[in-house]
Amino acid sequence: MAGKPRRVYVCQQCGAQSPKWSGRCAECGAWNTLQEERQAPAGTGLRRGGFAGAVETGIRDLNEVDVAEVKRISTGFAELDRVLGGGLVAGSVVLIGGDPGIGKSTLLTQALGALSREWRTLYVTGEESLQQVGLRARRLGLATPRLRLLAETEVERILELAAQERPQVMVVDSVQTVFTAALQSAPGSVSQVRESAAQLVQYAKRSGSALFLVGHVTKEGTLAGPRILEHMVDTVLYFEGDADSRFRVLRAVKNRFGAVNELGVFAMLDGGLKEVSNPSAIFLSRHESPVPGSAVMVTREGSRPLLVEVQALVAETHTANPRRLAVGLDPNRLAILLAVLQRHCGVTVYDQDVFVNVVGGVRVGETAADLALVLAVLSSLRNRPLPEGLVIFGEVGLAGEIRPVQHGQERLREAAQQGFRRALIPKANAPRRPFEGLEVTAIRTLGEALDILS
Ligand code: TYD
Ligand code: MG
């Protein structure tokens, strides 16, 4: 006999369950996030956890396991393939997250359009009508007679139709709109997102069909149905970009089939997304002449060097607590660097608001950005521009020392190629032979870096 549905309270932020309601989640500490959800009684056929990840089960010897190179399918976008680790893997599940309107549906429609020339493809939309999807495809100029569409939100129905259609690549857009009939809670709630995704993942693993799941990002910046999906899937990609910039960056934050932090760069044009295969200098704003508060660095996100501009604005504060704001950079790192600046260079900003921003909506996670960040702040504070054609990289240590970064030569080469004439870098990254056309200043301490501004 099936039992009565169990009542639980699920935190919509972290997915933690509790038998009682409370104003604050005991797990993640978020307020007012607990919501009543009915769980299906045990034994209603919901399989959870342990997606064997393979069709075959049972215990094997390690050397019996077939480790032939996994077969990769090209998505038609070299940039998407690169982020996936060299193409799509059959039976793999890829979660693509991003703000609404960033271009997730566009990206997947175009990719599926290209894939449909060779593979059986199915686009399941829970957000838009077939007409809307059709209109988008027409705007994108996709001639894809073989791209199959389905507007459906019930997982059981989706899987039933998929079982007949047997797509080799399937898109479910979005995971927040689909629901399973086994649960009574509303679509988009944590239990629904988790359970529906689990069924879809299981289907992909069993059938060997590659699956893209689209997920919206909540205002807190996590994939809604927070993080609970990330461990279920093979690959997690984030699609990012400034609303007013046409450039979009696709970033791998988890990948069982490739490197993480790999970047793919796209431009959103009238005819859809176009890949930018040589993105090295697109994130620079071209100033007529040098302006205070702007510094150019070479970051190396993924496997390519990228020139990006860091901007700082330092302005006298009028409140008791000066503001510290970092967009595209780690705010904690900014606080540390300001402390280093004070302690080792005697530069104080306790009476100043400090805002920093990376141009073009890129996010830089590397500590190689430290030196450029500090110099941008100083340049704004002193209202003096950095020298023209200068490129900067280097990590700043707590003792005020400048520490080396990886791939220094490659960064220098890229800067020289893009027409930069001067470089300020860590001593330990100094090239053995001079670079043609690039005057390299290699330094040991932050104090030495300040000279460049005088
Ligand atoms: P969409 O893919 O619907 O975003 P998401 O699925 O992530 O919510 O993209 C929507 C935006 O992209 C919309 O603001 C219009 C823009 N866009 C273009 O600029 N060119 C195009 O060819 C298309 C299809 C969309
Ligand atoms: Mg969409």
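Indexing begins at 1, ligand by ligand and atom by atom, following the structure's order.
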Considering both backbone and side-chain atoms of Leu107, is one of its nitrogen or oxygen atoms within less than 3.5 Å of a nitrogen or oxygen in ligand 1? no
Can you report which non-hydrogen protein atom sits closest to atom 20 (N) of ligand 1, along with the distance? Leu269 O, 2.9 Å
Close approach, Thr109 and ligand 1, non-hydrogen under 4.0 angstrom: no
Protein contact of atom 4 (O) of ligand 1 - nearest heavy atom, named by residue and atom, plus distance: Gly103 N, 3.1 Å
Hey, can you pull the donor-acceptor pairs under 3.5 Å for the side chains in residues 323-332, sequence neighbours left out?
residue: Arg324; atom: NH1; partner: Gln352; partner atom: O; Å: 2.7
residue: Arg324; atom: NH2; partner: Val349; partner atom: O; Å: 3.1
residue: Asp330; atom: OD1; partner: Asn332; partner atom: N; Å: 3.1

Which protein heavy atom lies closest to atom 10 (C) of ligand 1, and at what distance to 0.1 Å? Gly101 O, 3.8 Å
Rounded to the nearest 0.5 Å, how far does OG of Ser174 lie from CZ of Phe212? 15.5 Å
The atoms of ligand 1 lying under 4.0 Å from a heavy atom of Gly271, numbered in the order shown, are 22 (O)
Heteroatom proximity flag, Arg139 to ligand 1, N/O under 3.5 Å: yes
Just distances here: any N/O of Leu140 and N/O of ligand 1 closer than 3.5 Å? no
Verdict with reasoning, Glu165 to Arg146, per salt bridge (charged side-chain N to carboxylate O under 4.0 Å, His left out): CA-CA 12 Å; Glu165 189 76 20; Arg146 297 180 54 208; over 6 Å; no
For ligand 1, which atoms have a heavy atom of Pro100 less than 4.0 angstrom away? 8 (O)
How about His407 and Glu414: does a side-chain donor come under 3.5 Å of a side-chain acceptor? no
So is Gly98 touching ligand 1 or not, going by heavy atoms under 4.0 Å? no
In terms of side-chain heavy atoms, does Glu388 have a donor or acceptor partner in Ser289 at a distance below 3.5 Å? no
Any protein heavy-atom neighbour for atom 15 (C) of ligand 1 (distance below 4.0 angstrom)? no
Residue Ser174, metal the Mg ion (ligand 2), N/O/S under 2.8 Å: no
May I ask you to say whether Glu36 pairs ionically with Arg7, meaning some side-chain N is under 4.0 Å from a carboxylate O? yes
Thr121 and Gln168: side chain donor to acceptor below 3.5 Å: no
Please say whether Glu128 places an N or O atom under 3.5 Å from an N or O atom belonging to ligand 1. no
Specify the protein heavy atom at minimum distance from atom 1 (P) of ligand 1: its residue, its atom name, and the distance to 0.1 Å. Thr106 OG1, 3.5 Å
Any donor-acceptor N or O pair under 3.5 Å, side chains Thr125, Asp173: no
Ser294 and Glu309 side chains, donor-acceptor separation under 3.5 Å: yes
Regarding ligand 1, does Ser105 bring an N or O atom to under 3.5 Å of one of the ligand's N or O atoms? yes
On the six-membered ring of Tyr238, is Arg251 placed so that its NZ or CZ lies under 6.0 angstrom from the centre and within 45° of the ring axis? no
Protein residue, atom and distance nearest to atom 12 (O) of ligand 1, heavy-atom basis: Met268 CE, 3.2 Å
Of all heavy-atom pairs linking Lys104 and Gly97, the shortest is CD-C, 3.9 Å
Suppose I only count heavy atoms of Arg136 and a 4.0 Å limit; which atoms of ligand 1 are within that range? 1 (P), 3 (O), 24 (C)
